[in-house]
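Have a look at the structure below, then the notes.
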Amino acid sequence: MLDVDAGRGAVCCCLEAVVALEVGDRDVLERARARLLPAAGELAGAGSGLITLGPVEDHLADITTALRAPTSPVPPR
């Protein structure tokens, strides 16, 4: 599990959440949300100076919206 330290971990968590949003992976979204909550008032990546992904709060809002959406059953193979 990644630590959210000095924004570096927040970047990784936000990137992971972006991909999870695209593929609909609720388990990853739940883990990312739990790790990002302590950094809610931060900018993802602001400590690195190399990359920023904007406010963590924006990513948390996207995650929360996705987790509130009803899940569709996985069709049998």
Side-chain angles (χ1 to χ4, degrees):
M1 189 177 289
L2 297 171
D3 289 333
V4 177
D5 62 337
R8 215 174 38 237
V11 167
C12 292
C13 289
C14 288
L15 288 172
E16 184 178 33
V18 168
V19 173
L21 285 165
E22 286 295 318
V23 300
D25 191 328
R26 296 176 69 85
D27 291 334
V28 172
L29 289 173
E30 289 172 0
R31 286 194 307 269
R33 184 178 183 280
R35 292 193 312 255
L36 287 171
L37 280 173
E42 305 292 329
L43 290 175
S48 74
L50 297 174
I51 184 173
T52 62
L53 297 177
V56 171
E57 289 175 352
D58 292 350
H59 294 278
L60 284 168
D62 292 342
I63 293 168
T64 300
T65 299
L67 290 174
R68 286 185 180 156
T71 59
S72 57
V74 176
R77 291 183 177 202

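Since this is a predicted model, take the numbers as computed values, not measurements.
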Looking at every heavy atom in both [X] and [Y], which two are closest together, and how far apart are they?
| X | Y | value |
| --- | --- | --- |
| Leu53 | Cys14 | CD1-CB, 3.8 Å |
| Val56 | Leu43 | CG2-C, 4.3 Å |
| Val11 | Ala44 | CG2-C, 3.5 Å |
| Glu57 | Gly41 | OE2-CA, 3.9 Å |
| Ala17 | Leu29 | O-CD2, 3.7 Å |

Heavy-atom check, side chain of Val19 versus side chain of Val28, under 4.5 Å:
no
Quick one: OG1 on Thr64 to CG on Leu37, what's the gap to the nearest 0.5 Å?
7.5 Å
Output for pair (Glu42 CD, Thr52 OG1), nearest 0.5 Å, gives 13.0 Å
Would His59 and Arg33 satisfy side-chain contact (heavy atoms from CB on, under 4.5 Å), going step by step from the backbone distance to the final call?
CA-CA 9 Å; His59 294 278; Arg33 184 178 183 280; over 6 Å; no
Show, in sequence, the C-alpha distance, side-chain angles and deciding distance for Leu36 and Ile63, and conclude whether the side-chain contact (heavy atoms from CB on, under 4.5 Å) test is met.
CA-CA 10 Å; Leu36 287 171; Ile63 293 168; 4.0 Å; yes
Is the side chain of Arg26 donor-acceptor paired with the backbone N or O of Ala66 at a distance under 3.5 Å, no angle test?
yes
